[in-house]
2 protein chains.
Amino acid sequence: MATLAISIPALRTRCSNCSLRELCLPVGLVPAALAALEAGVQALERRRKGTMLFRVADPFTALYAVRVGSFKTTILAESGREQVVGYHLPGDLLGLDGIGTERHGCSAIALEDSEVCPIPFANLEEIARTVPALQHNLCQFVAREISHDHGVMLLLGSRRADERLASFLVSLSARYFSRGYSSTEFTLRMTREEIGSYLGLSLETVSRLFSRFQVDGVLEVDGRNVRIRDMPALRLLAGRDA
Amino acid sequence: MATLAISIPALRTRCSNCSLRELCLPVGLVPAALAALEAGVQALERRRKGTMLFRVADPFTALYAVRVGSFKTTILAESGREQVVGYHLPGDLLGLDGIGTERHGCSAIALEDSEVCPIPFANLEEIARTVPALQHNLCQFVAREISHDHGVMLLLGSRRADERLASFLVSLSARYFSRGYSSTEFTLRMTREEIGSYLGLSLETVSRLFSRFQVDGVLEVDGRNVRIRDMPALRLLAGRDA
DNA sequence: CGACTAGTTGAGGCCAGTCAATGTTGGTGG
DNA sequence: CCACCAACATTGACTGGCCTCAACTAGTCG
């Protein structure tokens, strides 16, 4: 293609004009710091739907910022059973748990054709040495993941099935909203089985709940297209305890 | 007071001779870095059984290294329901999730009379700027917490009650062992209700399981004193899937 | 068109929660 | 010292929410 000469430089990551700047690692960095970060970030990488970005026990070399598309992260029990532990949208950072052990603790799989910015971790630490704000941001990102996981643990440990699904949808709604999309209408990128795995439920239970929510007038569901019709009711369900 | 002049230096934290050095933040630091870390660490703080070290939404100012005793960390659902999300032994770092939000995301409560080393976070970041190894260690600690939480999520999402309790005991056994204590005989510092809350089970179920494990010859249980009689069986139970 | 994947819905069973009674332990005050 | 109380723990009976198994439909792809 004649456009290739243009598209290659376009492929280079430019944190400074990235639309996700405010959601990603560069949050609040001054221009000089941004430039340093950019210098360490390589070209975008594409991943087709269903392919792996990294897998459990792979050596940890880089973090990945989701640019376009979405990913699930999964962990593997010794038994071979797999569980979804995360659902990642544009602006999210992937692979944070690898920092602790030098190896990835989970696998990341593209849920649709997607693009990520690989951020080599050695570079990142190097830059963080001279840019305290980046060091701070990095730690914050990692720590925020802990808070998030605690929320999921609360969900899995003490909520009923309908409350879990409601929480999942409310949280998803908020995440789409913060990315500039509709908070009431979106397309799920995961199967019922994957949602069930994430929420500690069987796929049949998830399916039944979608039906029930629709009958109750809380949702409009058409396959993976979801429209929230009664947000207060959904919030109530998500926030109440068992 | 004449003794005060003596007791104050005694109370000062000395990472360099701390018996927990290999489990705590100073892991692998060179002497010069250790000295810098020490300089920022304040006097030990004591907490009586049942008292709080910090509570949800408190401003985050410091990390705490457990020196003696044990703590539970709990989070609060909007409904007021409380769930235990962590069980912390000597050498563990408390409060990591506060880094992300400037406020503590959970409460820490002493399960027995305990002592902690408060590590002011502002100091820590300052030191980390000049001691890259410390910056690296800090990030690693935070990230390892994520891996740990993922393990708990797997437990809560896809394991049966007996598998959860077995996993809890195996993990506890390993943690005591790495601290130089017996891996087969220890005293639980949590009530059945707290264990249940951590594992997403009712206190009655936990109690019944302890009884069943005893009947099966896997454990010897006397209140909170536990002796593991058949470690392979316990591991088998912990590692198998539902 | 057949094979396959994803999703929906029904029937039945079991695991674990709830409710309740009782036992045990440790602390407190008369 | 003992009575009393509260917190913790154990055990039984019952129930119900969710899982499992299974059948059927719709959409997709070679």
Close N/O contacts between protein and nucleotides 4-14 of chain C (under 3.5 Å):
residue: C:dA6; atom: O3'; partner: A:Arg224; partner atom: NH2; Å: 3.4
residue: C:dG7; atom: OP1; partner: A:Arg224; partner atom: NE; Å: 2.9
residue: C:dG7; atom: OP2; partner: A:Arg192; partner atom: N; Å: 2.9
residue: C:dT8; atom: OP1; partner: A:Arg192; partner atom: NH2; Å: 3.3
residue: C:dT8; atom: OP2; partner: A:Arg192; partner atom: NE; Å: 2.8
residue: C:dT8; atom: OP2; partner: A:Ser207; partner atom: OG; Å: 2.7
residue: C:dT8; atom: O5'; partner: A:Ser207; partner atom: OG; Å: 3.2
residue: C:dT9; atom: OP2; partner: A:Ser211; partner atom: OG; Å: 2.5
residue: C:dG10; atom: N7; partner: A:Arg208; partner atom: NH1; Å: 2.8
residue: C:dG10; atom: O6; partner: A:Arg208; partner atom: NH2; Å: 3.1

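In summary, the side chains of B:Ser70 and B:His88 do not present any donor paired with an acceptor at a separation below 3.5 Å, with no hydrogens or angles considered.
Computed from coordinates, the B:Glu163 CD to C:dC15 P distance equals 12 Å when rounded to whole Å. If you measure from atom CZ of B:Arg164 to atom P of C:dG17, you get 8 Å, rounded to the nearest angstrom. For the pair A:Arg160 CZ and C:dA16 P, the interatomic distance rounds to 18 Å; values are reported in whole Å. If you measure from atom CZ of B:Arg159 to atom C1' of D:dC19, you get 17 Å, rounded to the nearest angstrom. The CZ-C1' distance, from B:Arg212 to D:dG12, rounds to 17 Å in whole Å. Across the protein-nucleic acid pair, A:Asp162 atom CG and D:dG16 atom P stand 16 Å apart, rounded to whole Å. With rounding to whole Å, B:Arg189 atom CZ is found 15 Å from D:dC8 atom P. Remark: C1' of D:dA7 and CG of B:Leu111 are 15 Å apart, rounded to the nearest angstrom.
A:Arg164 places a side-chain N or O within donor-acceptor distance of the main-chain N or O of A:Leu156, the cut-off being under 3.5 Å.
With B:Leu165 as reference, B:Ile195 is the one residue of B:Ile195, B:Thr205, B:Val170 to meet the side chain to side chain contact (heavy atoms under 4.5 Å, CB included) rule.
Looking at heavy atoms from C-beta onward, A:Ser202 lies out of side-chain contact with A:Val206 at the 4.5 angstrom threshold.
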Before you tell me yes or no, could you show the steps for B:Glu194 and B:Arg192 under salt bridge (Lys or Arg N to Asp or Glu O under 4.0 Å), namely the whole-Å CA-CA distance, both residues' side-chain angles and the distance that decides it to 0.1 Å? CA-CA 5 Å; B:Glu194 285 162 338; B:Arg192 301 290 190 255; over 6 Å; no

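When the salt bridge (charged side-chain N to carboxylate O under 4.0 Å, His left out) test is applied to A:Arg208, no partner is found at least two apart in sequence or on another chain.
Pairs engaging residues 48-65 of chain A under the side-chain hydrogen bond (donor to acceptor under 3.5 Å, both in side chains) rule: A:Arg48-A:Asp113 [sequence neighbours left out].
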Less than 3.5 Å apart, which donor and acceptor atoms pair up between the side chains of residues 103-111 of chain B and the rest of the protein, not counting sequence neighbours?
residue: B:Arg103; atom: NH1; partner: B:Ala57; partner atom: O; Å: 2.5
residue: B:Ser107; atom: OG; partner: B:Val56; partner atom: N; Å: 3.0

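Taking a cutoff of 4.0 Å between a charged side-chain nitrogen and a carboxylate oxygen, A:Asp149 and A:Arg144 do not qualify as a salt bridge. A salt bridge links B:Arg227 to B:Glu220: at least one charged side-chain nitrogen sits closer than 4.0 Å to a carboxylate oxygen.
Contact annotation for B:Gly200: backbone-only contact, meaning every heavy-atom pair under 4.0 Å involves sugar-phosphate atoms and none involves a base.
Ring pair B:Phe186/B:Tyr181: centre-to-centre distance not below 6.0 Å.
Summary of helix geometry: the two end axes of the helix from C:dC1-D:dG30 to C:dG30-D:dC1, each defined by five base pairs via their C1' atoms, are inclined to each other by 40° (rounded to 10°).
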Could you encode protein contacts along nucleotides 23-30 of chain D as a string, one character per nucleotide from 5' to 3', using B for base contact, S for sugar-phosphate-only contact and - for no contact, with a heavy-atom cut-off of under 4.0 Å? --------

